Amino acid sequence: MTAPLFDRLALIGIGLIGSSLAQIVRQKGLAKHIAISTRSEETFRRAEELGLGDSYSRDAADAADGADLVILCIPVGANEAVAKWIAPVLRAGTILTDVGSTKASVVEAVGPYVPNGVHFIPGHPIAGTEQSGPDAGFPTLFQNRWCILTPPAGTDAAAIAKLTEFWQACGSQVDTMDPDHHDKVLAIVSHLPHIIAYNIVGTADDLEAVTKSEVIKYSASGFRDFTRLAASDPTMWRDVCLNNKEAILEMLSRFSEDLSALQRAIRWGDGDKLFDLFTRTRSVRRSIIEAGQEIDTPDFGRVKPEKTN
Ligand code: NAP
């Protein structure tokens with residue numbers, strides 16, 4: 001147990017990320033009180049059944065009232081409405097952050113509602129799974145993962161240090177960067193892979209029934225890996241695409257050019273070119289394993305989540 005860093009943590013949204021945060025915060029004693037808010041009756045009840053917090057509400061302002069750390073754990077497209085909702089109860093000195101997968105859009109959507117004296121520090125834990133909802137959460141989700149903070153210029157250094165300490169206590173390493181840079185980097189490492197996965201699984205789904213059953217039957221030959229990403233939450237990924245449009249379109253056009261070059265190499269039987277590319281990409285996989293961001297096991301390193309409940 002660590003000494004509590006915060007008196008009252010408000011988690012607005014209690015899906016995969018909110019629930020994982022609630023569990024690690026409880027396990028490490030990082031906040032004296034965990035106030036949870038969620039939109040639907042169903043999620044509200046489930047969070048209560050799982051015992052994720054100390055108090056529960058369907059009113060985000062109730063949860064945020066009196067909090068010294070507020071974390072928005074909702075789809076990025078919902079941030080503006082929620083920021084507007086909770087702004088009247090945020091008090092000076094509170095740290096307001098989020099976990100959204102895009103950052104420039106969050107700065108734009110939330111920034112105008114942040115009251116004077118509130119430290120607004122957008123964030124993004126680079127950790128997740130294709131599961132959603134409070135049951136999907138587990139306390140080790142952030143262990144040995146990166147969390148990126150994108151504090152606006154002039155943000156209070158002590159507030160950044162405190163939020164950094166919080167994420168480190170959750171098991172993460174912390175980097176800070178400019179929101180536009182974050183969005184470019186994430187467009188290639190996260191957004192594009194998901195879009196490609198959605199596309200390939202969609203193409204297979206469009207195939208006629210007989211072929212489709214064979215697609216499922218023989219999926220272990222490669223297709224299966226794409227289906228994990230393509231099973232990710234549709235609301236979250238719709239919002240990511242709508243809120244990181246420029247960077248995603250730029251990466252998609254580079255991807256299309258490279259794909260055309262690959263297509264040409266296959267058409268003209270350029271085996272050397274194919275071999276060189278496949279050798280280069282294999283070493284990328286090795287670098288990821290060496291960086292501790294994956295393990296080299298047959299199940300692709302997907303360890304079973306450790307539950308506290
Ligand atoms: P999730 O499991 O689907 O949970 C979403 C939570 O947000 C639920 O409590 C839900 O409430 C609430 N919510 C949904 N729409 C809302 C709206 N319009 N207004 C208010 N609340 C709303 O989502 P998640 O995977 O935890 O993702 C949350 C955030 O983390 C997203 O911004 C995502 O980009 C980011 N993120 C996700 C991952 C990942 O791998 N999943 C990784 C890193 C960052 P109800 O259930 O009550 O409707």
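All of these numbers come straight from a predicted model, not from anything done at the bench. Excluded from the calculations below are hydrogen atoms, water molecules and symmetry mates; all remaining heavy atoms, backbone and side chain alike, are included. Every number for a ligand or one of its atoms is a count from 1 in the order of the listing.
If you check each of Val76, Ile74, Val99 against atom 31 (C) of ligand 1, the one with the closest non-hydrogen atom is Ile74. For the residues Pro75, Gly77, Ser232, the heavy atom positioned nearest atom 13 (N) of ligand 1 is part of Pro75.
For atom 41 (N) of ligand 1, the closest heavy atom belonging to the protein is Leu16 CD2, 3.4 Å. The protein heavy-atom contact nearest to atom 19 (N) of ligand 1 is Ala78 CB, 3.6 Å. The protein atom (non-hydrogen) at minimum distance from atom 4 (O) of ligand 1 is Gly15 CA, 3.2 Å. Ranking the protein heavy atoms by distance from atom 46 (O) of ligand 1 puts Thr43 OG1, 2.6 Å first. Among all non-hydrogen protein atoms, the one lying nearest atom 22 (C) of ligand 1 is Arg39 NE, 3.8 Å. The single protein non-hydrogen atom nearest to atom 26 (O) of ligand 1 is Ile17 N, 2.9 Å, given as residue, atom name and distance.
For Gln293 (side chain) and Asn144 (main-chain N/O), a donor-acceptor pair under 3.5 Å exists by modelled atom type. Although no hydrogens or angles enter the test, the distance criterion places no donor-acceptor pair under 3.5 Å between the side chain of Thr94 and the main chain of Val118.
By the 4.5 Å heavy-atom criterion applied to side chains, Ser20 and Phe142 are counted as neighbours. Looking at heavy atoms from C-beta onward, Ser101 lies in side-chain contact with Met236 at the 4.5 angstrom threshold. With contacts defined as side-chain heavy-atom distances shorter than 4.5 Å, the pair Tyr198/Ser232 qualifies.
Only the backbone of Ala127 comes within contact range of ligand 1, with a heavy atom under 4.0 Å; no side-chain atom does. Contacts between Ser132 and ligand 1, counted as non-hydrogen atom pairs separated by less than 4.0 Å, involve both the backbone and the side chain. Contact annotation: for Glu130 versus ligand 1, there are no heavy atoms closer than 4.0 Å. Residue Thr129 touches ligand 1 through its backbone alone, judged by heavy-atom distances below 4.0 Å. In Met236, the part holding a heavy atom less than 4.0 Å from any atom of ligand 1 is the side chain.
If you number the atoms of ligand 1 from 1 as listed, the ones under 4.0 Å from a heavy atom of Ser101 come out as 33 (C), 34 (O), 35 (C), 36 (N), 44 (C). Near Ile14, meaning under 4.0 Å from one of its heavy atoms, ligand 1 places the atoms 8 (C), 9 (O). Each of the following atoms of ligand 1 lies closer than 4.0 Å to a heavy atom of Gly13: 9 (O). Those atoms of ligand 1 that come under 4.0 Å of a heavy atom in Cys73, given as number and element, are 6 (C), 7 (O), 28 (C). Less than 4.0 angstrom separates some heavy atom of Pro125 from each of these atoms of ligand 1: 43 (C).
Inclusion of Gly133 in the set of residues having an N or O under 3.5 Å from an N or O of ligand 1 is warranted. Polar contact with ligand 1: absent for Gly100 (N/O pair, distance under 3.5 Å). Of the polar atoms of Thr38, at least one N or O is found under 3.5 Å from an N or O of ligand 1, judged by distance alone. Residue-to-ligand polar distances keep His124 apart from ligand 1: every N/O pair is separated by 3.5 Å or more. For a threshold of 3.5 Å applied to N or O pairs, the pair formed by Gly128 and ligand 1 contains no separation below that value.
In this structure, Arg45 pairs ionically with Glu41, as a charged nitrogen and a carboxylate oxygen lie closer than 4.0 Å. With salt bridges taken as basic N to acidic carboxylate O contacts below 4.0 Å, one links Lys32 and Asp7. For Asp54 and Arg26, the salt-bridge test passes: some basic side-chain N is under 4.0 Å from an acidic carboxylate O.
A side chain to side chain contact (heavy atoms under 4.5 Å, CB included) with Thr155 is found for exactly one of Ile121, Leu149, Ile95, namely Ile121. Of the options Leu52, Leu11, Leu30, a side chain to side chain contact (heavy atoms under 4.5 Å, CB included) to Leu21 is made by Leu11 and by none of the others. None of Asp98, Asn243, Val76 except one satisfies the side chain to side chain contact (heavy atoms under 4.5 Å, CB included) rule with Lys103; the exception is Asp98.
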Just do the side chain to side chain donor-acceptor pair (under 3.5 Å) check on Ser253 and Glu257 with the steps written out, would you?
CA-CA 6 Å; Ser253 75; Glu257 281 171 30; 5.0 Å; no
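Leu96 is connected to Ile12 through a chain of hydrophobic side-chain contacts under 4.5 Å among Ile, Leu, Val, Met, Phe, Trp and Tyr, so both are in one cluster.
Between Trp146 and His124, the distance separating the two ring centers is not shorter than 6.0 angstrom.
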